Amino acid sequence: MLSFDDQSSGLCLQPEPMPGDLIEIFRPFYRHWAIYVGDGYVVHLAPPSEIAGAGAASIMSALTDKAMVKKELLYDVAGRDRYQVNNKHDDKYSPLPPSKIVQRAEEQVGREVLYKLTSENCEHFVNELRYGVPRSDQVREAVMMAGITGVGLAAVGLIGVMLSRNKRQKQ
């Protein structure tokens, strides 16, 4: 079955999610993750300030240390943001059977859990449900970018020092 997505880029078709699929929602500045449980619903980890479809405003939710596991309509959670099915680790990890993924997700609904941007966020949560492995590529990518930026800044600083010394020696 296909669903229509008339989000900002115009009308396009995308596959209807299947129970147990990971749903990646493209919020401004970050990606929110949910797990599809059927009948249009997803289960996701949402800090208390997370408002379905909140977009940029919900980035402030990263500052909290608690989250609620919620079951809501995918349409409401995505709001105006684009989303896609993204079971990106299926080649690396064997997904649990869809019925088990959905059961595990449904058992979590209503629970308040610890939330840490770097180790227990929405992406960790859904990967744990699907694969039994909590991981977040967003966190890995951010750490890598911070490292690359740090090395770049250090190189620029070193070049500056070398040029300054060279200039002084010529005077």
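Remember, predicted model here, so these are calculated numbers, not experimental data.
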Are [X] and [Y] side-chain neighbours, meaning at least one heavy-atom pair lies under 4.5 Å?
X: His124; Y: Glu128; value: no
X: Asn87; Y: Pro95; value: no
X: His44; Y: Val126; value: no
X: Glu24; Y: Val85; value: no
X: Leu74; Y: Pro17; value: yes
X: Ile25; Y: Trp33; value: no
X: Met68; Y: Arg111; value: no

If I take atom [atom1] from residue [X] and atom [atom2] from residue [Y], how far apart are they, to the nearest 0.5 angstrom?
X: Phe125; Y: Tyr115; atom1: CZ; atom2: OH; answer: 12.0 Å
X: Arg27; Y: Asp81; atom1: CZ; atom2: CG; answer: 5.0 Å
X: Glu112; Y: Leu45; atom1: CD; atom2: CG; answer: 10.5 Å

Run the side chain to side chain contact (heavy atoms under 4.5 Å, CB included) test against [X] and tell me which residues pass, sequence neighbours left out.
X: Glu120; value: Leu114, Lys116
X: Tyr75; value: none
X: Pro97; value: Ser99, Lys100
X: Val37; value: Ile35, Tyr41, Val43, Lys71, Val102, Ala105, Glu106

ask   = Counting only N and O atoms by type, is there a donor-acceptor contact under 3.5 Å from the side chain of Asn127 to the main-chain atoms of Arg135?
value = yes
Measure across [X] and [Y] and return the closest heavy-atom pair with its distance rounded to 0.1 Å.
X: Lys70; Y: Ala46; value: CD-CB, 4.0 Å
X: Val42; Y: Val77; value: CG2-CG2, 3.9 Å
X: Pro19; Y: Gly38; value: CG-CA, 4.3 Å
X: Ser136; Y: Glu123; value: OG-OE1, 2.9 Å
X: Asp21; Y: Met18; value: OD2-N, 2.7 Å

message = Any donor-acceptor pair under 3.5 Å linking the side-chain atoms of His89 with those of Asp137?
response = yes
query = Has Arg82 got its NZ or CZ under 6.0 Å from the middle of the six-membered ring of Phe26, at an angle within 45 degrees of the ring axis?
reply = yes
Pairs involving residues 35-46, ordered by first then second residue, that meet salt bridge (Lys or Arg N to Asp or Glu O under 4.0 Å) (sequence neighbours left out) = none
task = Just do the side chain to side chain contact (heavy atoms under 4.5 Å, CB included) check on Tyr93 and Val133 with the steps written out, would you?
result = CA-CA 8 Å; Tyr93 306 110; Val133 178; 3.9 Å; yes
key: side chain to side chain donor-acceptor pair (under 3.5 Å) involving Asp90 - partner list, sequence neighbours excluded   = Arg130, Tyr131
